[in-house]
Amino acid sequence: RQPRPDRRAPPAARMILPIGDAPNVRGHVPWVTYLLIAANVAVFLLISMPLSEMRPPRGPLLDEYIRMLARAADSRAEFQQALRSITAYDLFVFQYGFRPASPSLTDLFTSMFLHAGFLHLFGNMLFLWIYGDNVEHRLGSIRYLLAYLGTGVAAVAFHVVSSPGSEVPMIGASGAISGILGFYFLFFRRNRVRLLFLLPPFLMQVFEVPARLVLGMYLVFDNLLPYLFAARDAGIAHGAHIGGFIAGLAAAWLMDRRQVEAQPHAFEAGPTPATIGESIAEAIDDEDFELAARSYFALPAHA
């Protein structure tokens, strides 16, 4: 077994797949989200796939990689198997993935665009496509891009703290994507996510679930519990997911607080359905039925 790079991929349940969310803003084109998806796919098609089919070139980088394998392998048989499966892409990941033992500012950003395989890429891009457009519309394109990169950096920082001195490179976009999920969790508390439940060949059903429930389960069950209790060699950087999500959540909260402080009157509480209901009752008691009718039709539909 070759030591796998730590992947920053949001692990979805095996038979449950998110396929969309609602509501979405009509007429808004999330250009930055589309460009980020295009960049990740282009890197995979033009670099990852071709290099995965090539043998590694000899040189100092290969020697360093082999020494890392020797230190990480649990047995001689495992080390020999790892040697036989090395590809040129393994060396590329070793060079441009982020390694806590050899931190590099360049690797900090290049690692966000590298993926371990098609499913790793697909899971990340699916999450970015579903949740990114709403957050981009709320923040605006420039702030959204800065939020994406900034929470990606925070995710790497959390991984470094949780796995200091690791020589295994970390790759994948979902440290940054987890940050976007943190923004989404706070900004879109009433949104719902469509989940496709698959039990082939018998069942295929779509359910709508509150977005906060889906994201809360992603944080707790997919990341926090494995981070605390599962083995650390599973090839998934749970610490990076947690760090990115918390960073996005904190940044969204700070933005909301600054907006409230800048425009306090715009956020003062208005009349609630309960208080409107009381005014309707009072109008009926006073036999002012016209006012009661106007107040009644001013209620939200759900009330």
Side-chain angles (χ1 to χ4, degrees), residues 8-13 16-40 112 121-156 158 172-196 206-224 227 236-260 267:
R8 288 171 288 186
I16 300 177
L17 192 69
I19 58 174
D21 69 322
N24 282 294
V25 180
R26 295 182 179 178
H28 171 250
V29 180
W31 291 111
V32 175
T33 297
Y34 291 163
L35 288 174
L36 287 170
I37 292 174
N40 279 278
M112 297 184 194
L121 174 73
F122 175 76
N124 276 337
M125 296 305 102
L126 178 65
F127 272 58
L128 183 58
W129 174 70
I130 291 174
Y131 299 104
D133 56 345
N134 297 63
V135 179
E136 181 177 349
H137 179 264
R138 174 70 181 266
L139 295 179
S141 297
I142 301 300
R143 287 204 304 171
Y144 172 73
L145 179 60
L146 294 176
Y148 180 92
L149 296 174
T151 54
V153 170
V156 172
F158 196 94
S174 68
I177 294 171
S178 292
I180 298 303
L181 300 186
F183 277 95
Y184 192 103
F185 185 89
L186 192 69
F187 285 164
F188 302 99
R189 60 196 67 176
R190 295 183 179 87
N191 276 30
R192 302 180 71 83
V193 176
R194 291 187 294 276
L195 299 177
L196 176 63
V206 175
F207 297 93
E208 280 202 353
V209 181
R212 280 196 162 183
L213 178 61
V214 175
L215 296 179
M217 292 178 65
Y218 160 75
L219 178 64
V220 175
F221 293 103
D222 285 344
N223 290 292
L224 186 58
Y227 176 76
I236 298 175
H238 296 293
H241 298 171
I242 296 168
F245 193 97
I246 292 175
L249 197 64
W253 182 82
L254 287 174
M255 289 180 184
D256 268 0
R257 290 306 307 164
R258 288 180 179 177
Q259 193 171 4
V260 170
F267 293 88

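Using a 4.5 Å cut-off on side-chain heavy atoms (C-beta onward), His241 and Asp222 make no contact.
Minimum heavy-atom separation, Ile130 to Gly20: CD1-N, 3.7 Å. Closest approach of Gly175 and Ala155 over heavy atoms only: CA-CB, 3.5 Å. Shortest non-hydrogen contact noted between Phe127 and Pro18 is CE1-CG, 3.9 Å. Residues Ala173 and Tyr148 come closest through the heavy atom pair CB-OH, 3.6 Å. Shortest non-hydrogen contact noted between Leu249 and Gly182 is CD1-O, 3.5 Å. Contact detail for Asp133 and Thr33: the closest heavy-atom pair is N-OG1, 4.0 Å.
With rounding to the nearest 0.5 Å, the separation of CG in Leu186 from CH2 in Trp253 is 10.0 Å. Here the straight-line distance linking atom CG of Leu36 with atom CH2 of Trp31 works out to 13.5 Å at 0.5 Å rounding. Separating the CE atom in Met112 from the CD1 atom in Ile177 is a distance of 11.0 Å, to the nearest 0.5 Å. With rounding to the nearest 0.5 angstrom, the CD1 atom of Ile236 is 8.0 Å from the CG atom of Asn223. With values rounded to the nearest 0.5 angstrom, Ile142 atom CD1 is found 9.5 Å from Glu136 atom CD. Asp21 CG to Arg192 CZ: the interatomic distance, rounded to the nearest 0.5 Å, is 12.0 Å.
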Criterion side-chain contact (heavy atoms from CB on, under 4.5 Å) on Phe188 and Leu215, from CA distance to verdict: CA-CA 11 Å; Phe188 302 99; Leu215 296 179; over 6 Å; no
For Asn24 and Asn134, what are the C-alpha separation, side-chain angles and deciding distance, and is it a side-chain contact (heavy atoms from CB on, under 4.5 Å)? CA-CA 7 Å; Asn24 282 294; Asn134 297 63; 2.8 Å; yes
Could you walk me through whether Leu219 and Phe185 pass side-chain contact (heavy atoms from CB on, under 4.5 Å), step by step? CA-CA 11 Å; Leu219 178 64; Phe185 185 89; over 6 Å; no
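Using bins of under 30°, 30° to 60° and over 60° for the plane-to-plane angle, the ring pair Phe187/Phe183 lands in the tilted bin. Aromatic ring orientation, His28 versus His137: perpendicular (interplanar angle above 60°, classes split at 30° and 60°). Classified by interplanar angle (parallel below 30°, tilted 30° to 60°, perpendicular above 60°), the ring pair Tyr227/Phe158 is tilted.
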